[in-house]
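Note sheet for the following structure.
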Amino acid sequence: MAYWLVKSEEHIYSIGDLKRDRVTSWDCIRNYQARNYLREFAVGDRVLFYHSSSEPTGIGGLAKVARKAQPDQTQFDPKSEYFDPKATKAAPRWFSPELQFEKLFTEFITLAELRKVAALKKMVLLQRGSRLSVQPVTAAEFSAILKLADA
DNA sequence: GCCAACGTTGGC
DNA sequence: GCCAACGTTGGC
C-alpha cells in the first residue's frame, strides 16, 4: 500500500466538502509530475488531505483511493477552464482517481507543526519551494503524522 | 498583495 | 535543445 498527500485550496474544495460528498473525482490537475503520481494511485492507498491558501495551512484529515485514475473528463470539455485542446479520447493527457473520505482530524495539523517534527525533515511537502499538488509520502512519515493527529 | 520558486511556452 | 519570458503556486 502506498501513501500520498494531495493539496487543495480550502475555499475551493476542503476536507469538509469531501466528508459531505463522501467520494470525489480528483480532477483538474494539470501538472505532469502530479499526473504521473495520480496514475500510480491504487485502490486502498491512503491520502493526507492538505489545505493550502488557508489560515493556517496544514493537514485536515485522511482520504482513501476509491478508484484508480481514469481520463479526466474536464480535458475534453471546451467550456471548461481545464479544457486541453491537445488531449483526445484516444490519447488523454490528464487523469483523475476517485478519493473517498476517511476521517477529519480532531486536531488540524499546521504546516508550522509539521516543520518541527524531526521525522518529517525529508518530507516532500517541507522541501524548499515544493509546489507539487500531489506528492508521495513514506510509511514512516505517514505514521508520524497519524501520531501527531492522535489518529 | 508580495514575491520566491518553479513549470511551461515558444522563438530561435 | 536552449533559454528568456511569462504564468502559477502558495507561504507569509
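Just so it is clear, the model here is predicted, and its values are computed rather than measured. Because only heavy atoms are used, hydrogens play no part in the values below, and waters and symmetry mates are left out as well, while side chains stay in. Every chain is numbered from 1 and lettered A, B, ... according to where its sequence line falls, protein lines coming before strand lines.
In this structure, A:Asp21 contributes its side chain and A:Thr24 its backbone to no donor-acceptor pair below 3.5 Å.
Listed by chain and number, the residues in a side-chain contact (heavy atoms from CB on, under 4.5 Å) with A:Ala42 are A:Asp45 (sequence neighbours excluded). Under the side-chain contact (heavy atoms from CB on, under 4.5 Å) criterion, A:Ser143 pairs with no residue at all, not counting sequence neighbours. The salt bridge (charged side-chain N to carboxylate O under 4.0 Å, His left out) check on A:Glu113 picks up nothing, with sequence neighbours excluded. For A:Arg35, there are no salt bridge (charged side-chain N to carboxylate O under 4.0 Å, His left out) partners two or more places apart in sequence or in a different chain. Among residues two or more places apart in sequence or in another chain, the salt bridge (charged side-chain N to carboxylate O under 4.0 Å, His left out) test is passed with A:Arg20 by A:Asp17. For the salt bridge (charged side-chain N to carboxylate O under 4.0 Å, His left out) test, residues two or more places apart in sequence or in another chain that qualify with A:Arg93 are A:Asp84.
Through direct or relayed side-chain contacts under 4.5 Å between Ile, Leu, Val, Met, Phe, Trp and Tyr, A:Val23 connects to no other residue.
Pairs engaging residues 123-134 of chain A under the side chain to side chain donor-acceptor pair (under 3.5 Å) rule: A:Ser130-A:Gln135 [sequence neighbours left out].
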Would you tabulate the pairs of protein nitrogen or oxygen atoms and nucleotide nitrogen or oxygen atoms of nucleotides 3-5 of chain C closer than 3.5 angstrom?
none

Please list, pair by pair, any protein nitrogen or oxygen found under 3.5 Å from a nitrogen or oxygen in nucleotides 8-12 of chain C.
{"residue": "C:dT8", "atom": "O2", "partner": "A:Arg131", "partner atom": "NH1", "Å": "2.5"}
{"residue": "C:dG10", "atom": "OP1", "partner": "A:Lys7", "partner atom": "NZ", "Å": "3.0"}
{"residue": "C:dG10", "atom": "OP1", "partner": "A:Arg131", "partner atom": "O", "Å": "2.7"}
{"residue": "C:dG11", "atom": "OP1", "partner": "A:Tyr50", "partner atom": "OH", "Å": "2.6"}
{"residue": "C:dG11", "atom": "OP2", "partner": "A:Ser53", "partner atom": "N", "Å": "3.4"}

Quiz: residues 56-68 of chain A side-chain donor-acceptor pairs under 3.5 angstrom, not counting sequence neighbours:
{"residue": "A:Thr57", "atom": "OG1", "partner": "A:Tyr50", "partner atom": "OH", "Å": "3.4"}

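Heavy-atom distances under 4.0 Å link DNA chain B to A:Asn31, A:Tyr32 of residues 24-33 of chain A, given in residue order.
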